[in-house]
Amino acid sequence: MHLSVVVPCYNEEESIPLLVDRLVQAIEPWKERAEIILVDDGSSDETWAAMEAAHKRHPVVRGIRLSANRGHQIALTAGLEAATGARIFMLDADLQDPPEILPDMMMMMDRGYDVVYGRRAERQGETRFKKATAFLFYRTLNALSDVDIPKDTGDFRLVSRRSLDAVLQMPERARFIRGMFAWAGFHQIGLEYVREARVAGETKYPLKAMLRFATDALTGFSTKPLKIATRLSFVSLLVTVFMAIYVFGSLILFNTVAGWASVLLAISFFSAIQLLTLGILGEYVGRLYMESKQRPLYFQSQETGQPMAHPVDFGPEARDSGRSATQSAARTAAEQKEAS
Ligand code: UDP
Ligand code: MG
């Protein structure tokens, strides 16, 4: 079983020696056919030197250096594209995700799962703010998105070649990789683990990066915010109807100021119309956006039966030989079986 490990690293010079030692131990049972891919995401410290040193000590380590800082998800994508394994294990460089869980993940995959993701049972050494925002983020995301994205999971996971190939077929630029795996489908399961504190350095996700990440995720997997106007327009129309009843009632009872009824009705009616047209625009913009991603329509998960040995051919040859194209296809299939 060929195994690839992919780690995006941004200014992680202190973590890398420790990371590599623990990874090399974790992949011991598969070491004959394994590779560890470290991606340097345009670090400004000595991360690249640390990678070169790691490669000298352990030849299983491969380094890839990006020309500039492109962000966690892009760095991870670069590593995933370089990976050649039949199973791919991804984790963060700061050892918040314990590599020692790999054998358990491998076991789950032996049982037929395509994606075994780590679910954070507990997060150690993180600020209350980070925990609270993460908690809210995953709940909002699930409420808004049409895809069921597992809660409290990161990109820490073991995936099969076919699920990775599916994700790599998605050409979108704003990447939310854990969501893309969820969207791709196949058999998925979570494995609980305790998220430890960083071994060294600081978080590379300041508030600004967290907000960008959250926006990418929400807009990438949902067009619901665009549809809010449509819903509001229905509320607004309902209000208009009640308003009309009230206005006409008052008119009949003659206790109105001149012009009041027409102004009130016009305002409520036209705001409803405006919201409705905005909603229609939103619907089209949302569709344009989804189309522009050019995601594959489906991925095949299983198949039974075989395709015909030859495509049906009603050409002159089939007619001349006096047997139907299907018969000839069946015969060639039988011949092939005999030969093998
Ligand atoms: N990372 C990266 N490029 C960036 C920011 C982060 O490759 O621009 C890497 C980082 O080195 C780490 C992983 O992404 O391996 C997760 O980042 P971090 O641990 O800082 O995030 P947190 O765990 O605090 O959410
Ligand atoms: Mg971290």
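Order of listing sets the numbers, starting from 1, for every ligand and every atom in it.
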Tell me, with the steps shown, if F156 and M105 meet side-chain contact (heavy atoms from CB on, under 4.5 Å). CA-CA 11 Å; F156 180 40; M105 288 188 166; 4.3 Å; yes
With respect to D152, which candidate in R120, K131, R139 satisfies the salt bridge (Lys or Arg N to Asp or Glu O under 4.0 Å) definition?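 Considering R120, K131, R139, a salt bridge (Lys or Arg N to Asp or Glu O under 4.0 Å) with D152 is found only for R139.
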So which heavy atom in the protein is nearest [atom], and how far is it from that ligand atom?
atom                    : answer
atom 5 (C) of ligand 1  : K204 CB, 3.5 Å
atom 23 (O) of ligand 1 : Q96 OE1, 2.6 Å
atom 25 (O) of ligand 1 : K130 NZ, 2.8 Å
atom 16 (C) of ligand 1 : D92 OD2, 3.4 Å
atom 19 (O) of ligand 1 : D94 OD2, 2.6 Å
atom 1 (N) of ligand 1  : Y10 CB, 3.7 Å
atom 24 (O) of ligand 1 : T203 OG1, 2.6 Å
atom 10 (C) of ligand 1 : E12 OE2, 3.3 Å

So, [X] and [Y], do they make that salt bridge, N to O below 4.0 Å?
X    : Y    : value
D114 : R161 : no
R178 : D155 : yes
D21  : R57  : yes
E12  : R198 : yes
E283 : R287 : yes
E192 : R119 : yes
R195 : D97  : yes

Apply side-chain contact (heavy atoms from CB on, under 4.5 Å) to the pair L76 and V6, showing each step before the final yes or no. CA-CA 7 Å; L76 183 55; V6 177; 3.9 Å; yes
Please determine whether ring-ring contact (aromatic ring centres under 6.0 Å, His included) holds for the pair F176 and F213, giving the CA-CA distance in whole Å, both sets of side-chain angles, and the decisive distance to 0.1 Å. CA-CA 8 Å; F176 181 60; F213 186 59; 5.3 Å; yes
If the cut-off is 4.0 Å to any non-hydrogen atom of [X], which atoms of ligand 1 fall inside it?
X    : answer
C9   : 7 (O), 11 (O)
R195 : 23 (O)
P8   : 7 (O), 9 (C), 10 (C), 11 (O), 12 (C), 15 (O)

For ligand 1, is there an atom lying under 4.0 Å from some heavy atom of M210?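 Under 4.0 Å: no for M210.
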Leaving waters out, which protein N, O or S atoms fall under 2.8 Å from the Mg ion (ligand 2)?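 The answer, once waters are left aside, is D94 OD2, Q96 OE1.
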Applying a heavy-atom cut-off of 4.0 Å, say which part of N69 lies close to ligand 1: side chain, backbone, both or neither.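 Only the side chain of N69 comes within reach of ligand 1.
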Once you restrict to heavy atoms under 4.0 Å, what part of R198 touches ligand 1? Side chain, backbone, both or neither.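 Answer for R198: side chain.
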For E46, does the CD atom have more than 12 heavy-atom neighbours from other residues, nucleotides or ligands under 6.0 Å away?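 Atom CD in E46 is not packed in, count stays at 12 or less.
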